[in-house]
Amino acid sequence: MTLNEHVLDLPAFSDLPLRPELLAAVEELGYTAPSPIQAQAIGPLIEGHDLLGQAATGTGKTAAFALPMLERLAELRPERSRGDAPFGLVLTPTRELALQVAEAVTRYGARLGARVLTVYGGAPVGPQWKALQQGVDVVVATPGRAIDLMNRGALRLDALETVVLDEADEMLDMGFVEDIETLLDATPDTRQAVLFSATMPRRIEVLAQKYLREPITVRIRREAVAEGEAPKVRQTAYLVPRTHTTAALGRVLEAERPTAAIVFCRTRLDVDAVTETLTARGLRAEALHGGMDQEHRTRVVERLRSGRTELLVATDVAARGLDIDLLTHVVNHDVPQSSEAYVHRIGRVGRAGREGVAITLVPPSKVHALRAVERLTGQPIEFAPVPTAADLRAARLERTRAALEEQLLSGTDADDVRGMLAGLAAEHDLLDVATAAVQLMQAVAGTPDDGDDIPVVTPGRASGPREARGRGGAAGTRPPKTGMTRLFVNAGRAGGVRPQDIVGALANESNLSGRDIGAIQIHERHALVEIPEHAADDVLRSLRGSTTLKGRRANVRRDRGFAAAGAGRGRRD
Ligand code: AMP
């Protein structure tokens, strides 16, 4: 049965063989209908089948294995005494995920009195040991601590009826394969085994072949979560040379200003470098390392939740199990290794009908990988130009203006400040004084040096960006014609500027005639215009740095980007 067919005749929870206590629990949680994975997995799991499920976070996979586990526990309860060894074991890659799963199982099983225990490393063994002695029904554990407790004789697996490997691919990536095999080998042959993984690399298939018996297989993509509620994720990519990725990311994030984002990096070293770059830009970024102790991890995550940090920089592994409900952005400093990994990452935003944003920095050689993601998800990824230094300066100035205006409106009755300014005004023009004050303010806020422009690149393959606009354009590098130089104007298509407007402005405000003006390129937020080199100084002097375009002042200067990079922004759209 295909997924769609299934969605069409999705059953109600009451159609599933779940007892009233469990139906009441899901109803209380506001689940109106089973998600596709729940519809497909719950019945067979209650019948005792093994299951191999490809499903990412957000598909409802936790309830898909937890509800059957609780149903079977309730069936067998009369035969079990309170001191019995655990009925179910769930292995997860991280403590966060273990806590989440345990919380879900506890909630679903509250009316059945299910005893659920979470065990993980980095916490004292004593209390976990004691709880195990008292008897628990379901243990949710990270593999390392589970082994530890098993070796100490505290965790008994001999009466286990069901074992779940949650996010198995992540556990393997984290090097838990031996621990997992040791644990599985210690469980009875008769137990049920369930394996969930967001991706299905060969290693997972091998593990499944070894430990699952004729499993039912279920494959769910994240988009299929709740009917009619596909995640709303605006996906944007920025084409940049690999060497400029981090600098470009700083600009994009400064322009985008996410309130709560995870920035994914490939390696730990990248995590540190990226955190440093973003912090230097005045963004509140913090690194999250897999090697951090739990207390530290929790504190960092807590700061993101409370809004004291805006950006959490992490590798996939370090970010495992984090479930931050108010995440607004997922940012890929690098294109993920696989389409599935990309989908898994962006599954963290756009939940419950809220809009999320996915940003990806992509070198030309990886454009094809994003195209593969588009094919997999059926959702478009738009290409956008990296904000230019001028864009960012203009945006910063606009923020300053807005802040000043707000302050002016809320009243400026600081007499001592007024007195001091009156003193300065006796000797200086007040506009100069105010300009100096704003410059000081900007210096204190730390303005990044965007002197070097980021070169524009073109995709490495014929399959160019679907909508390459402005600086993300697909033309080759082209210097100005001999004897000509290029001027940069910080207004473009977004401001309604057309080539004839530029010609008009230059011809009006300088001694150039229309015929002298060469190629004009209109980009999204800037324009480039070629004029004779010998006339450039005169033109710039008569414009005194700006001109009026479409009723607004626009700055005009020599195109430094071209001169500095040697292959700067000189190209047509
Ligand atoms: P999971 O994929 O297990 O991490 O679940 C993702 C989220 O979906 C969790 O917040 C669950 O509480 C929620 N959820 C699970 N099943 C359903 C359902 N049938 N209807 C609505 N929400 C659900």
Side-chain angles (χ1 to χ4, degrees), residues 3 6-7 9-18 22-43 45-46 51 53-71 88 90-110 116 118 138 140 164-171 194-199 218-233 262 301 305 319-327 330 340 343-354 356:
L3 188 62
H6 211 118
V7 171
D9 55 44
L10 217 54
F13 271 112
S14 54
D15 295 333
L16 298 172
L18 293 168
L22 294 171
L23 292 176
V26 294
E27 188 181 337
E28 191 178 284
L29 286 166
Y31 301 0
T32 48
S35 70
I37 197 157
Q38 292 161 4
Q40 292 177 62
I42 289 176
L45 285 178
I46 291 175
L51 185 134
Q54 180 167 3
T57 300
T59 51
K61 65 182 162 69
T62 313
F65 67 73
L67 293 171
M69 188 186 281
L70 290 162
E71 176 62 39
V90 183
L91 294 174
T92 71
T94 63
R95 167 183 129 141
E96 277 88 3
L97 187 60
L99 288 168
Q100 268 171 48
V101 168
E103 193 196 321
V105 178
T106 306
R107 278 209 202 158
Y108 302 142
V116 182
T118 325
V138 178
V140 186
V164 179
L165 306 182
D166 196 9
E167 306 208 344
D169 49 353
E170 294 303 329
M171 290 199 278
V194 181
L195 187 159
F196 276 108
S197 187
T199 60
V218 181
R219 185 164 188 249
I220 301 286
R221 292 210 184 117
R222 196 188 175 283
E223 299 77 61
V225 189
E227 326 130 72
E229 263 202 12
K232 286 190 243 158
V233 183
I262 294 197
V301 172
R305 279 220 174 85
R320 278 322 298 169
L322 291 183
D323 190 17
I324 303 163
D325 33 13
L326 27 96
L327 220 54
V330 163
E340 284 81 7
V343 172
H344 192 214
R345 285 183 186 179
I346 72 164
R348 295 163 179 277
V349 289
R351 290 193 182 176
R354 274 179 285 127

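Whatever order the structure lists ligands and atoms in, that order sets their numbers, starting from 1.
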- Tell me, do Q100 and T62 make a side-chain contact under 4.5 Å, heavy atoms counted? no
- Query: Can an N or O of P34 be found at a distance shorter than 3.5 Å from an N or O of ligand 1?
  - Reply: no
- Task: List for me each residue that meets side chain to side chain donor-acceptor pair (under 3.5 Å) alongside T199, sequence neighbours excluded, and say none if there are none.
- Result: D169
- Task: Check whether any side-chain heavy atom of M69 sits under 4.5 Å from a side-chain heavy atom of V90, and report yes or no.
- Result: yes
- Query: Taking heavy atoms and a distance under 4.0 Å, where does A104 meet ligand 1: side chain, backbone, both or neither?
  - Reply: neither
- Hey, does T32 come in under 3.5 Å of ligand 1, counting only N/O atoms on both sides? no
- Query: Does an N or O anywhere in F13 fall below 3.5 Å from an N or O of ligand 1?
  - Reply: no
- Partners of R107 by side chain to side chain donor-acceptor pair (under 3.5 Å), sequence neighbours excluded? E103
- Item | Side-chain heavy atoms of L18 within contact of I46, under 4.5 Å | yes
- Query: Of all the atoms in ligand 1, which lie at a distance below 4.0 Å from a heavy atom belonging to A33?
  - Reply: 18 (C), 19 (N), 20 (N)
- Query: Quick one: which ligand 1 atoms are inside 4.0 Å of a heavy atom on G60?
  - Reply: 1 (P), 2 (O), 3 (O), 5 (O), 15 (C)
- Could you check whether the rings of Y31 and Y108 sit parallel, tilted or perpendicular, using 30° and 60° as the cut-offs? perpendicular
- Message: I want to check something: taking the side chain as every heavy atom from C-beta on, are L16 and P34 in contact at a cut-off of under 4.5 Å?
- Response: yes
- Query: Does V101 reach the side chain of F65, with side-chain heavy atoms less than 4.5 Å apart?
  - Reply: yes
- Which one of F65, F196, Y31 has a non-hydrogen atom at the shortest distance from atom 13 (C) of ligand 1? Y31
- Output the list of atoms in ligand 1 that are nearer than 4.0 Å to some heavy atom of S35, sorted by atom number. 19 (N)
- Using a strict 4.0 Å cut-off to heavy atoms of T62, name the atoms of ligand 1 that fall inside it. 1 (P), 3 (O), 4 (O)
- Query: How does Q100 reach ligand 1, if at all, at less than 4.0 Å between non-hydrogen atoms: by side chain, backbone, both, or neither?
  - Reply: neither
- Query: Would G30 count as a contact of ligand 1 if the rule is a heavy atom under 4.0 Å away?
  - Reply: no
